[in-house]
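Reviewing the structure listed below.
Just so it is clear, the values below take in all heavy atoms, side chains as well, and ignore hydrogens, waters and symmetry mates. Counting convention: from 1, in listed order, for ligands and their atoms alike.
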Amino acid sequence: MLKGKSAIVTGSTSGIGLGIAQVLASQGINLVINGFGEAAAIEKERNGIEQKYGVKCVYSPADMRKPEQIREMVGLAQTSFGTLDILVNNAGIQFTARTEAFPEEKWDAIIAINLSSTFHAMKAALPGMQQRNFGRIINIASVHGLIGSKEKLPYVAAKHGVVGMTKVVALENATSNITCNSICPGWVLTPLVQKQIDDKAAKEGISVEEASKHLLGEKQPSQRFATPEQMGAAVLFLCSDAGSSITGVSLPVDGGWTAQ
Ligand code: NAD
């Protein structure tokens, strides 16, 4: 059902976005990948996806802090593939500090990349989806879109905002064949989380393995990291016909974190 459709996955040069891009490509979906990194590594990823899955894959260097570049990224999908069927807003950054010590420039960056970019991308993508009466928008929020954790104020604010925007877009398009949902991952072992583990190990004078166990032990009852491929599988389900009546939800994929 999804073969030949087209998708953008923002922040797909690493971690969860890369996993999602690969799962979508494995179903014959043409892709716009996006994110930062070394030009050679990005080209290896792009070419590797085309070779492995026999789909078209183009790269957009759009910076998610720049609305004009986000609009260009959506335009690139439309000119490359004729349509944009699936939009996965995944790019995100993290920074941790207590509120009274939180650097203001980090607030600005987290809000721009984790929250505002999702608005700009949805705004640019929706008219085309409405014209063809098909669209799947999946916003990668977080358990922090549903609950809080200390030292993550801008991230928690941004992710709660993403969950809220998801509901509004779902409602505005409810009578059409356009759905909008969020996925709320718990801990997934990616560079974004590895940095938090390394910082914790350094701060508490413990090994990286111990820090990793503590991190899971504090929050994630499964005591296991979820994987980028599992996030891809959840995205795929929401894109499929089986998921077409699901809209406006924020689905935790969190090993029980938010069940507590
Ligand atoms: P990651 O650091 O591995 O990847 C982030 C991606 O975003 C990279 O491709 C990076 O180049 C891109 N990016 C960063 N700033 C950008 C910008 N200004 N413009 C364009 N691209 C930019 O992180 P990840 O863990 O894979 O996180 C992906 C998403 O999942 C984020 O939104 C994050 O908040 C969310 N998330 C992650 C976890 C986790 O445990 N890893 C948990 C919950 C939610």
Side-chain angles (χ1 to χ4, degrees), residues 8-23 31-39 41-42 45-46 59-74 76 87-96 105-106 108-118 120-121 138-149 152 154-163 165-166 182-198 200 212 215-216 218-220 222 224-232 234-235 250-255 257-258:
I8 292 176
V9 184
T10 69
S12 44
T13 53
S14 169
I16 292 174
L18 179 54
I20 294 170
Q22 280 169 340
V23 170
L31 282 180
V32 174
I33 57 169
N34 157 262
F36 297 152
E38 302 238 330
I42 292 170
E45 177 192 338
R46 191 204 63 74
Y59 169 65
S60 161
D63 181 337
M64 292 300 111
R65 290 168 294 194
K66 311 267 170 64
E68 187 55 43
Q69 293 185 20
I70 294 170
R71 286 190 282 277
E72 282 168 18
M73 174 185 70
V74 171
L76 177 67
L87 171 65
V88 183
N89 290 304
N90 165 80
I93 57 166
Q94 177 63 285
F95 185 87
T96 59
E105 67 277 11
K106 294 286 184 195
D108 289 340
I110 290 173
I111 294 300
I113 298 168
N114 297 18
L115 178 67
S116 301
S117 75
T118 297
H120 294 298
I138 291 107
N139 298 322
I140 305 304
S142 165
V143 290
H144 290 113
L146 304 170
I147 56 174
S149 283
K152 294 187 175 176
Y155 189 84
V156 169
K159 296 299 189 180
H160 273 70
V162 169
V163 165
M165 287 197 290
T166 299
S182 294
I183 290 174
C184 297
W187 292 126
V188 183
L189 195 53
T190 67
L192 181 143
V193 167
Q194 190 63 51
K195 185 178 178 308
Q196 293 173 64
I197 294 171
D198 295 345
K200 187 177 175 68
S212 171
L215 213 72
L216 287 168
E218 280 165 9
K219 302 280 190 185
Q220 193 143 306
S222 65
R224 292 186 306 275
F225 289 104
T227 66
E229 292 70 29
Q230 289 170 340
M231 301 307 144
V235 168
S250 296
L251 176 69
V253 185
D254 67 355
W257 182 328
T258 52

Heavy atoms only: which of [options] is nearest to [atom]?
{"atom": "atom 29 (C) of ligand 1", "options": "Val188, Asn90, Ile33, Ile42", "value": "Asn90"}
{"atom": "atom 42 (C) of ligand 1", "options": "Gly186, Ala158, Ala226, Pro191", "value": "Gly186"}
{"atom": "atom 5 (C) of ligand 1", "options": "Gly15, Gly92, Ala91", "value": "Gly92"}
{"atom": "atom 26 (O) of ligand 1", "options": "Ile20, Val143, Asn114, Ile16", "value": "Ile16"}

Could you identify the single nearest non-hydrogen protein atom to [atom] and state the distance to 0.1 Å?
{"atom": "atom 23 (O) of ligand 1", "answer": "Leu192 CB, 3.4 Å"}
{"atom": "atom 25 (O) of ligand 1", "answer": "Thr190 OG1, 2.4 Å"}
{"atom": "atom 1 (P) of ligand 1", "answer": "Ser14 OG, 3.6 Å"}
{"atom": "atom 7 (O) of ligand 1", "answer": "Gly11 CA, 3.4 Å"}
{"atom": "atom 14 (C) of ligand 1", "answer": "Ile93 CG2, 3.9 Å"}
{"atom": "atom 19 (N) of ligand 1", "answer": "Met64 N, 2.8 Å"}

For a 4.5 angstrom cut-off between non-hydrogen side-chain atoms, does [X] reach [Y]?
{"X": "Val235", "Y": "Ile140", "answer": "yes"}
{"X": "Asn114", "Y": "Ile93", "answer": "yes"}
{"X": "Leu189", "Y": "Ile197", "answer": "yes"}

| Based purely on interatomic distance, does Gly35 place a nitrogen or oxygen under 3.5 Å from a nitrogen or oxygen of ligand 1? | no
| field | Test of proximity, Phe36 against ligand 1: N or O pairs below 3.5 Å | value | yes
| message | If you count every heavy atom of other residues, nucleotides or ligands that lies below 6.0 Å from Glu38 atom CD, does the total exceed 12? | response | no
| said: Tell me whether the count of non-hydrogen atoms from other residues, nucleotides or ligands lying under 6.0 Å of NZ in Lys106 goes above 12. | reply: no
Are any side-chain N or O atoms of [X] and backbone N or O atoms of [Y], one a donor and one an acceptor, separated by less than 3.5 Å?
{"X": "Gln69", "Y": "Asp63", "result": "yes"}
{"X": "Trp187", "Y": "Leu215", "result": "yes"}
{"X": "His160", "Y": "His144", "result": "yes"}
{"X": "Glu72", "Y": "Leu76", "result": "no"}
{"X": "Asn34", "Y": "Gly11", "result": "yes"}

Answer yes or no for [X]: is there a heavy-atom contact with ligand 1 below 4.0 Å?
{"X": "Gln94", "answer": "no"}
{"X": "Ala141", "answer": "yes"}
{"X": "Ser117", "answer": "no"}

Taking only heavy atoms of [X], which atoms of ligand 1 are found under 4.0 Å from at least one of them?
{"X": "Val193", "result": "39 (C), 40 (O), 41 (N)"}
{"X": "Asn34", "result": "20 (C), 21 (N)"}
{"X": "Tyr155", "result": "33 (C), 34 (O), 35 (C), 36 (N), 43 (C), 44 (C)"}
{"X": "Trp187", "result": "40 (O)"}
{"X": "Thr13", "result": "8 (C), 9 (O), 11 (O)"}
{"X": "Asp63", "result": "17 (C), 18 (N), 19 (N)"}
{"X": "Pro185", "result": "42 (C), 43 (C), 44 (C)"}

| said: If we set the cut-off at 4.0 Å for heavy atoms, which region of Ala62 has an atom near ligand 1: side chain, backbone, both, or neither? | reply: backbone
| Where's the contact between Ile113 and ligand 1, heavy-atom distance under 4.0 Å: side chain, backbone, both or neither? | side chain
| task | Just do the side chain to side chain donor-acceptor pair (under 3.5 Å) check on Thr118 and Asn139 with the steps written out, would you? | result | CA-CA 7 Å; Thr118 297; Asn139 298 322; 4.7 Å; no
| message | Checking Lys200 now: which residues fulfil salt bridge (charged side-chain N to carboxylate O under 4.0 Å, His left out) with it, not counting sequence neighbours? | response | Glu204, Glu218
| Shortest non-hydrogen contact between Ser182 and Thr166, atoms and distance | OG-OG1, 2.7 Å
| Which residues satisfy the side chain to side chain contact (heavy atoms under 4.5 Å, CB included) test with Ala91, sequence neighbours excluded? | Thr10, Met64, Ile113
